Amino acid sequence: MKYWLLKTEPDECSIDDIKNSPEQTMVWDGVRNYQARNNIRDHIQLGDLAFIYHSSCQAVGIVGVVEVVKASYPDPEQFNTSSTLYDLKSSPENPRWFNIDIKFKTKFNRIVSLKQIKSIDVLSDMALIKQARLSVQPVTAEHWQFIHSINNV
DNA sequence: GCCAACGTTGGC
DNA sequence: GCCAACGTTGGC
């Protein structure tokens, strides 16, 4: 089992939106970056866990955990000409973009803020810091556990 | 809202 | 395949 971090703008989709969805499950779509796509398509597996990270908002940081309940499949919206996610250069025979489905697991009592993460030596080599714009990124078991230990204090 | 960082596109 | 121009992300 692997660990991940998924970025989202809470105005679009927050941890509460996931929690309040039917079956507490939602489609994770809209990823249009190749490295993030590769992580979704090739590496994320059923049963993996992921942090949800709120970006571009007042309180930036990790807010909870979700579980991958469906492995990658082509995003149907890339073929929908009236969708903002439409991609002219993609085809059903050779799809470019992939979704997963995720299910709410836990919401942290307190956010683990980006500021906190940046201030902790052990976490300084997280992709979150080193590769600030990667919206779907792996998290090591060490970092995963460390962040949980912060939250539990 | 600004703007630095950086990913993508497209001409050559 | 290079790289300038352009577009987007995301912290502040």
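As a basis for the values below, the full set of heavy atoms in this structure was taken, side chains included, without hydrogen atoms, waters or symmetry mates. Because the structure is predicted, anything quoted here is derived from the model rather than measured. Reminder, nothing fancy here: chain letters follow the sequence lines and each chain counts from 1.
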| query | Tell me the ring-ring contact (aromatic ring centres under 6.0 Å, His included) pairs involving residues 84-111 of chain A, sequence neighbours left out? | reply | A:Tyr34-A:Trp97, A:Phe108-A:His148
| remark: For A:Asp16, the salt bridge (Lys or Arg N to Asp or Glu O under 4.0 Å) test, sequence neighbours excluded, returns A:Lys107
Below 3.5 Å is the cut-off: list the nitrogen or oxygen pairs between protein and nucleotides 8-12 of chain C, distance only.
unit_1	atom_1	unit_2	atom_2	d
C:dT8	O2	A:Arg133	NH1	3.4
C:dT8	O2	A:Arg133	NH2	2.7
C:dT9	O4'	A:Arg133	NH2	3.4
C:dG10	OP1	A:Lys7	NZ	3.0
C:dG10	OP1	A:Arg133	O	3.4
C:dG11	OP1	A:Tyr53	OH	2.5
C:dG11	OP2	A:Ser56	N	3.1
C:dC12	OP1	A:Lys118	NZ	3.4

| Non-neighbouring partners of A:Lys70 that pass salt bridge (Lys or Arg N to Asp or Glu O under 4.0 Å), sequence neighbours left out | none
| task | Please report, rounded to the nearest Å, how far the C1' atom of B:dG7 is from the CZ atom of A:Arg96. | result | 14 Å
| note | Heavy-atom nearest nucleotide on DNA chain B taken for A:Lys130 and for A:Lys89; more 5' hit belongs to A:Lys130
| message | What is the distance, to the nearest angstrom, from the CG atom on A:Asp11 to the P atom on B:dG1? | response | 13 Å
| Contacts of type salt bridge (Lys or Arg N to Asp or Glu O under 4.0 Å), residue A:Glu77, not counting sequence neighbours | none
| task | Using salt bridge (Lys or Arg N to Asp or Glu O under 4.0 Å) as the criterion, list what pairs up with A:Lys103, not counting sequence neighbours. | result | none
